[in-house]
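In what follows, a single structure is set out as structure tokens and then discussed.
Source: prediction; values computed, not measured.
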Amino acid sequence: MDNIKATILSTRPLEDSDLSDAGKKNILVECVPFIQTIPLNEKNIKIRVNELVSVNADVVFTSMNAVKAVAEIVGDRMVNWNVYAIEGTTSIKVTQLLKGVRLAATAHYGKELAEKIIRLDNLKEVHFFCGNIRRDELPDTLKAAGIVVNETQVYKTIPTPHSLGKQYNGILFFSPSGVESFFSANSVGPQTVLFAIGRTTAEAIQTFTAGKTTNKIIISNKPYKRDLISNAVEYFSA
């Protein structure tokens, strides 16, 4: 690529089309995953999901990985679920992978989603599918409002830190766990711009940079991978 304007690190894989679009703007993007997610295949998880397939259930997802893990168990069967999901890739995967669901509510963040659920006065119980590393805001807010939260962990997140030994003009972060994995093995120069897919990811970045650097942190306009990379490309193309 000639006349490279900036080199960006993405801490998770991106679509080839996103990399190509960046390249057309003379932005080089290198993808190095800093976490790995693995579905859990325990018998009790399959039993729990299968029990819910044929009933009218209120189901909560805050991660696309949880949606994928549950969808692998459900398969092609129809489900009679009211689903409450984080807006973006998670809510998209709900409608793509689970047949028959009703997407009852979405929000950008867990606490906001919990508040929407609470406003449904007749809802007394939810089934929350999540990973082994999940934030407390949603379940704690629901429990404080008297809603029973049946939590089932359906995948686990494994940090995969890499010591890169180089600096980038920008770095894309997609989750607090990815932030933690990156900073466990790397530091950033003061000129590196840090891009976060959402507020909680930005807060995690601040935890690792506060008092150490003065890096600019930019939060994506929308919680989508494509929007985050587009924000970074636009920033360095200006």
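For the ring-ring contact (aromatic ring centres under 6.0 Å, His included) with F173, the qualifying choice from F182, F208, F195 is F182, the only one to do so.
Between R119 and E115, none of the side-chain N atoms (NZ, or NE/NH1/NH2) sits under 4.0 Å from a carboxylate O, so this pair counts as no salt bridge.
A heavy-atom distance below 4.5 Å is not found between the side chains of V79 and L52. A heavy-atom distance below 4.5 Å is found between the side chains of R135 and P176. Two residues are said to be in side-chain contact when any heavy atoms from C-beta on lie closer than 4.5 Å; K68 and Y155 fail this criterion. Counting heavy atoms from C-beta outward, C130 and E151 have side chains that approach closer than 4.5 Å. Contact of the L19 side chain with the C31 side chain is registered, since non-hydrogen atoms from C-beta on lie closer than 4.5 Å. Annotation: side chain of S177 is not in contact with side chain of P159 (no heavy-atom distance under 4.5 Å). Annotation: side chain of K166 is in contact with side chain of E30 (closest heavy-atom distance under 4.5 Å). Counting heavy atoms from C-beta outward, T201 and F174 have side chains that stay 4.5 Å or more apart.
Linking Ile, Leu, Val, Met, Phe, Trp and Tyr residues whenever their side-chain heavy atoms come within less than 4.5 Å leaves I47 and I73 in two separate clusters. Under the 4.5 Å side-chain heavy-atom criterion for ILVMFWY residues, a single connected hydrophobic cluster contains both V55 and F61. Clustering ILVMFWY residues whenever any of their side-chain heavy atoms sit less than 4.5 angstrom apart, transitively, puts V67 in a cluster other than the one holding L113. V154 is connected to V59 through a chain of hydrophobic side-chain contacts under 4.5 Å among Ile, Leu, Val, Met, Phe, Trp and Tyr, so both are in one cluster. Both V193 and V233 are part of a single hydrophobic cluster, where members link through side-chain heavy atoms under 4.5 Å apart.
In this structure, the side chain of S220 does not engage the main chain of N231 through any donor-acceptor pair within 3.5 Å. Formation of a donor-acceptor pair under 3.5 Å by the N82 side chain with backbone atoms of D58 is not found in this model. When atom types are taken as modelled, the side chain of Y109 and the backbone of R199 share a donor-acceptor pair closer than 3.5 angstrom. Looking at S181, its side chain does come within 3.5 Å of a backbone N or O of F34 through a donor-acceptor pair. Using modelled atom types, no side-chain atom of T106 and backbone atom of A85 make a donor-acceptor pair closer than 3.5 Å. At distances below 3.5 Å, not a single donor-acceptor pair connects side-chain atoms of E112 with backbone N or O atoms of A107. Remark: the backbone N or O of L40 is not paired with any side-chain donor or acceptor of K156 at under 3.5 angstrom. Looking at S10, its side chain never comes within 3.5 Å of a backbone N or O of L172 through a donor-acceptor pair. Distance alone, capped at 3.5 Å, is enough to place a donor-acceptor pair between the N169 side chain and the T7 backbone. A donor-acceptor pair under 3.5 Å is formed between the side chain of N186 and the backbone N or O of H162.
For the residue pair L123 and I147, the shortest heavy atom distance occurs at O-CG1, 3.8 Å. Heavy atoms only, all atoms of each residue included: I86 and H108 are closest at CG2-O, 3.7 Å. The minimum heavy-atom distance linking G100 with M78 is given by the pair CA-CE, 3.7 Å. Shortest non-hydrogen contact noted between I118 and A145 is CD1-CB, 3.6 Å. In terms of heavy-atom proximity, I217 sits nearest to A202 at CG2-CB, 4.1 Å. Closest approach of S17 and R226 over heavy atoms only: OG-NH2, 3.2 Å.
Between atom OG of residue S187 and atom CG of residue L164 there is a gap of 10.5 Å, rounded to the nearest 0.5 Å. To the nearest 0.5 Å, the span separating OG1 on T157 from CD on Q36 amounts to 10.0 Å. From I219, atom CD1 reaches atom CG of L194 across 11.5 Å, with rounding to the nearest 0.5 Å. Separation of atoms CD1 (I4) and CZ (F236) is listed at 13.0 Å; rounding is to 0.5 Å. Taken to the nearest 0.5 Å, the CD atom of E87 stands 9.0 Å off from the CD1 atom of I92. Rounding to the nearest 0.5 angstrom, the gap separating the CZ atom in R134 from the CZ atom in F128 is 6.0 Å.
Counting non-hydrogen atoms of neighbouring residues, nucleotides and ligands closer than 6.0 angstrom, the CD atom of E203 exceeds 12 such neighbours. No more than 12 heavy atoms of other residues, nucleotides or ligands sit less than 6.0 Å from atom CG of D16.
With hydrogens and angles left out, the side-chain atoms of T209 and N215 include no donor and acceptor closer than 3.5 Å.
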